[in-house]
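Following: one structure in structure tokens, then a few remarks.
What you see below is based on every heavy atom in this structure, not just the backbone, and it leaves out hydrogens, waters and symmetry mates. We're numbering straight along the sequence, starting at 1. As the structure lists them, so they are numbered: ligands from 1, and atoms in each ligand from 1.
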Amino acid sequence: MSIDPPFSPSLQAGHQQQPAERRCPCLPILPRSIKGKLVVSLLVISVLGIIATASAIYGMWRIEDKVRIIESFFELNQNVLEMRRYEKNYLLYNNTKDLMSTLDYIDQVRASIVTVKKFVPGSKGNLQSFYDEELGKYESISQQLMAEDLLLNSKKLLKETLRTHGQDITKRVFDLDAQARIQVEREVIAYQKTGVMILALTILVGGLLIYFLLRWIIRPLTAIREAAAQIMQGKMNSIPLNEAVSCSEEGIELVNSLNLMLKALDTKQSQLVQSEKLAAIGKVTAGIAHEINNPLNNISLTAEALLEDLPDLSQDDSLDMIHDILAQSDRAREVVHHLLEFSRAHKNNVTVRVDLVKLVNDSIALVRNQFRLGEITCNYQHPDQPLSITGTPSQLQQVLVNIMLNAVQATQPGGSLDIKVTAEDKDAVITLQDTGDGIPSQMLPNIFDPFFTTKNEGTGLGLSLSYAIIKDHQGDIEVKSEEGHGTTFRIKLPRIMETEV
Ligand code: ADP
């Protein structure tokens with residue numbers, strides 16, 4: 001099983017540099033704050049709404065005018081029809097009263113023409129000629145017919161002329177009416193088109209503004225959420241002030257505050273990591289002290305015996321004892337050498353080519369005394385050739401020492417820890433299998449969590465740090481455990497293939 005820790009310690013620091021702040025290239029005329037953009041957008045939408053309403057009111061008002069034109073033409077039509085009706089009656093029955101009514105309606109037609117002229121300014125010339133000429137002639141014929149001393153032939157001729165003129169007037173008024181209706185229809189259609197265009201423009205601009213507003217608000221939040229996910233995976237250590245975020249002042253402020261918080265968390269974490277390292281060094285140093293103490297004791301005892309029994313000792317025995325002293329001091333020197341290497345490695349955090357076979361061997365040497373004290377057998381199997389990877393020796397050694405110390409603490413006297421280094425395809429694999437108490441299955445998912453510990457004096461950081469270190473080396477760490485039957489850690493690291501050398 002492989003478990004992601006909820007946070008990655010500062011080991012990744014410097015892994016990914018924060019990019020320089022990038023300015024938003026979009027719409028520089030707009031304010032940079034979301035609040036400002038909201039205000040400007042609402043203003044634009046309001047102005048468009050006002051324009052749309054004003055144009056609708058103007059359109060209604062103009063249409064009302066057109067309705068009045070149609071009404072005035074209708075009235076003119078009616079008066080002309082009435083005038084013609086009396087004219088026809090007169091022509092049929094020769095009743096002077098009908099002729100007088102015709103003359104009355106001529107006045108009404110004139111009044112209607114004045115109204116029409118008021119509403120149709122463009123048709124003034126047309127109507128004026130109709131008013132002056134045609135209606136004038138029709139009136140004069142009607143008046144001539146009123147004379148009582150008219151000869152029969154002249155009357156007949158005048159009646160014929162009246163009819164023909166009347167027909168012309170009807171036709172002329174129908175034509176004018178039809179023209180006016182067509183004109184009105186055209187204008188109404190033009191107003192409708194303008195109204196639809198303004199409405200479409202309002203919907204389009206409003207829609208665009210809503211789209212951009214959502215983008216301006218959602219984009220920075222999405223960018224921050226994605227950056228947070230990357231930080232959780234240990235691929236980043238701060239939220240970049242990229243284009244998506246720097247489009248708004250609020251986005252920049254939020255990112256700056258979150259980055260400050262991350263930095264503070266990182267510092268705290270580094271302090272914890274440091275304390276975990278010190279704890280590991282403390283454990284190792286305690287073991288080393290024992291390790292040095294034993295040869296020193298032996299040297300001191302052998303030297304004392306040599307001093308006391310020197311006169312009675314044979315030359316061979318004396319030489320044996322001196323060799324023993326030399327062997328013991330070699331052992332002490334070797335231990336001090338390992339300790340020096342360990343502390344040097346911890347100061348030197350550089351990435352180099354590392355031989356895993358030697359690294360594991362050195363780590364075992366550091367914990368050897370803990371194995372001895374815990375009466376635990378450590379078996380180490382490895383290839384004869386070096387198995388190289390790229391990495392930071394101090395960090396990898398910290399992982400190995402931590403897992404070995406955990407195994408020592410979990411294993412009863414008489415138990416064992418089998419360590420194996422193997423090459424598998426493109427990876428180097430280290431397996432550490434102990435015969436300890438094992439980890440209860442319900443705890444297994446938590447052991448890589450920071451601060452998870454079952455020990456009174458544990459920090460609960462060892463495995464979470466180990467996980468982060470291995471991930472930082474592009475590797476993987478898995479654990480298998482059965483309560484009462486021991487635990488196996490399997491570390492996989494990409495190895496340097498011989499062709500790459
Ligand atoms: P710590 O050692 O400070 O408790 P670690 O992160 O190193 O912190 O380990 C977390 C926990 O995982 C330990 O407290 C222990 O319960 C469990 N654990 C780790 N290694 C082993 C192991 N080899 N056998 C049994 N339990 C283990």
Side-chain angles (χ1 to χ4, degrees), residues 1-11 234 268-287 342 346 360 363-364 366-368 370-371 373-380 394-420 429-473 475-492:
M1 82 179 262
S2 173
I3 303 140
D4 279 331
F7 76 95
S8 272
S10 55
L11 291 154
K268 282 262 171 277
Q269 221 170 278
S270 306
Q271 288 165 357
L272 284 169
V273 169
Q274 196 56 30
S275 65
E276 169 62 22
K277 270 188 197 163
L278 289 176
I281 292 173
K283 283 177 204 161
V284 168
T285 319
F342 185 62
H346 271 273
V360 174
S363 307
I364 293 172
L366 284 167
V367 189
R368 188 173 293 140
Q370 262 83 358
F371 291 137
L373 290 173
E375 294 173 37
I376 294 156
T377 319
C378 176
N379 306 306
Y380 179 32
S394 62
Q395 291 182 356
L396 294 171
Q397 204 166 46
Q398 190 179 336
V399 173
L400 293 169
V401 166
N402 181 59
I403 293 176
M404 288 179 202
L405 287 175
N406 275 345
V408 169
Q409 285 165 0
T411 308
Q412 303 302 320
S416 64
L417 173 66
D418 291 333
I419 304 175
K420 220 190 284 177
V429 178
I430 312 166
T431 318
L432 302 106
Q433 182 175 16
D434 67 45
T435 56
D437 304 334
I439 304 167
S441 55
Q442 71 274 15
M443 283 186 192
L444 211 52
N446 304 109
I447 61 160
F448 290 105
D449 290 351
F451 310 112
F452 176 83
T453 181
T454 53
K455 302 168 195 167
N456 285 340
E457 303 204 340
T459 59
L461 284 174
L463 285 181
S464 76
L465 269 174
S466 303
Y467 188 98
I469 290 171
I470 297 301
K471 283 283 168 191
D472 201 37
H473 282 75
D476 207 356
I477 178 166
E478 291 172 1
V479 62
K480 274 190 198 142
S481 189
E482 209 182 318
E483 209 175 346
H485 289 94
T487 304
T488 306
F489 282 90
R490 192 169 186 272
I491 300 170
K492 209 163 73 176

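- Residue-ligand proximity: Asp434 is placed with a non-hydrogen atom under 4.0 Å from ligand 1.
- A 4.5 Å side-chain heavy-atom check between Lys471 and Asp476 finds at least one atom pair inside the cut-off.
- Ligand 1 has a nitrogen or oxygen under 3.5 angstrom from a nitrogen or oxygen of Gly460.
- Contacts with ligand 1 closer than 4.0 Å are made by heavy atoms of both the backbone and the side chain of Leu463.
- Residue Gly438 places a heavy atom less than 4.0 Å from ligand 1.
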Derivation of the side-chain contact (heavy atoms from CB on, under 4.5 Å) call for Asn406 and Lys455: CA-CA 10 Å; Asn406 275 345; Lys455 302 168 195 167; 2.6 Å; yes

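- A side chain to side chain contact (heavy atoms under 4.5 Å, CB included) with Val360 is found for exactly one of Leu396, Leu432, Leu400, namely Leu400.
- At a 3.5 angstrom cut-off on N or O pairs, Ser464 does not count as close to ligand 1.
- With a 4.0 Å cut-off on non-hydrogen atoms, Asn402 touches ligand 1 through its side chain and not its backbone.
- Close approach of ligand 1 to Phe452 is summarised as follows: ligand atoms under 4.0 Å from at least one heavy atom of the residue are 10 (C), 11 (C).
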Ile430/Ile403 under side-chain contact (heavy atoms from CB on, under 4.5 Å): CA gap, chis, key distance, verdict: CA-CA 11 Å; Ile430 312 166; Ile403 293 176; over 6 Å; no

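- In terms of N/O distances under 3.5 Å, ligand 1 is not approached by Ile439.
- For atom 19 (C) of ligand 1, the choice among Asn406, Asp437, Leu444 with the nearest heavy atom turns out to be Asn406.
- By the 3.5 Å distance cut-off applied to N or O atoms, Gln409 is not counted among the residues near ligand 1.
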CA sep, side-chain torsions, deciding dist, call: Ile376, Asp434, side-chain contact (heavy atoms from CB on, under 4.5 Å): CA-CA 10 Å; Ile376 294 156; Asp434 67 45; over 6 Å; no

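- Applying the side-chain hydrogen bond (donor to acceptor under 3.5 Å, both in side chains) rule to Thr487 yields the partners Ser481; only residues at least two apart in sequence or on another chain are considered.
- Between Gln395 and His473 the shortest side-chain heavy-atom distance falls below 4.5 Å.
- The option from Thr453, Ile447, Thr435 that lies nearest to atom 4 (O) of ligand 1, judged by heavy atoms, is Thr453.
- Partners of Thr377 under the side chain to side chain contact (heavy atoms under 4.5 Å, CB included) rule, at least two apart in sequence or in another chain, are Asn379, Ser416.
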